Amino acid sequence: MSKTILLLAKSAIAAKPRSEMESLAAAVAQRLEGVNVTHAFSEQGSPSLRERLTELALYGATEIDDMPVMLPMEPAFPAWIGR
């Protein structure tokens with residue numbers, strides 16, 4: 001494994017947000033042949049950022065690009081952004 005894109009979201013405490021991130025990672029991976037795409041959560045949820053980075057290091061990732069994403073959508077976010 002060489003290049004990896006890590007989609008990084010804030011948190012997920014339910015199954016739906018984790019599923020959204022898995023689907024997003026799979027969609028990105030389909031478009032980028034030869035690039036490993038995975039996801040992690042920076043505050044709450046599994047896999048945590050620390051867990052994922054440790055896993056990638058153990059598998060020999062030589063380049064990791066972190067890409068922050070606004071998914072999964074937090075329930076209060078649409079109301080907050082609308083103000």
Side-chain angles (χ1 to χ4, degrees):
M1 177 187 332
S2 55
K3 182 173 176 131
T4 298
I5 293 176
L6 177 63
L7 304 177
L8 182 61
K10 185 175 176 181
S11 64
I13 56 174
K16 185 175 181 203
R18 286 192 301 270
S19 176
E20 288 177 21
M21 290 299 291
E22 289 169 3
S23 295
L24 181 60
V28 172
Q30 273 188 329
R31 289 164 179 78
L32 300 174
E33 190 175 318
V35 177
N36 180 46
V37 183
T38 191
H39 70 284
F41 299 98
S42 63
E43 292 184 14
Q44 249 184 322
S46 182
S48 71
L49 178 58
R50 178 176 289 179
E51 289 169 336
R52 186 61 85 200
L53 289 175
T54 300
E55 177 184 280
L56 291 170
L58 290 173
Y59 284 116
T62 57
E63 180 182 344
I64 301 170
D65 293 330
D66 293 332
M67 181 174 289
V69 294
M70 292 296 293
L71 294 173
M73 185 70 72
E74 293 181 6
F77 184 73
W80 176 81
I81 201 73
R83 288 186 243 157

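As the structure is a computational prediction, the values presented were derived from the model and not from experiment. As a basis for the values below, the full set of heavy atoms in this structure was taken, side chains included, without hydrogen atoms, waters or symmetry mates.
One side chain, Thr38 or Arg52, offers a donor N or O that lies under 3.5 Å from an acceptor on the other.
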Exercise. Start with the C-alpha gap between Asn36 and Leu56, add the side-chain angles, then the distance that decides, and say whether side chain to side chain contact (heavy atoms under 4.5 Å, CB included) holds.
Key: CA-CA 10 Å; Asn36 180 46; Leu56 291 170; 3.8 Å; yes
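Of the options Glu51, Met21, Lys10, a side chain to side chain contact (heavy atoms under 4.5 Å, CB included) to Phe41 is made by Met21 and by none of the others.
Contact check for His39 versus Pro47: side-chain heavy atoms found under the 4.5 Å cut-off. Counting heavy atoms from C-beta outward, Leu6 and Leu49 have side chains that approach closer than 4.5 Å. Side-chain atoms of Leu32 and Ile5, non-hydrogen and from C-beta on, do get closer than 4.5 Å to each other. Here the side chains of Leu7 and Asp66 are not in contact, with every heavy-atom distance at 4.5 Å or above.
When all heavy atoms are compared, the tightest approach of Lys3 to Asp65 is NZ-OD2, 2.9 Å.
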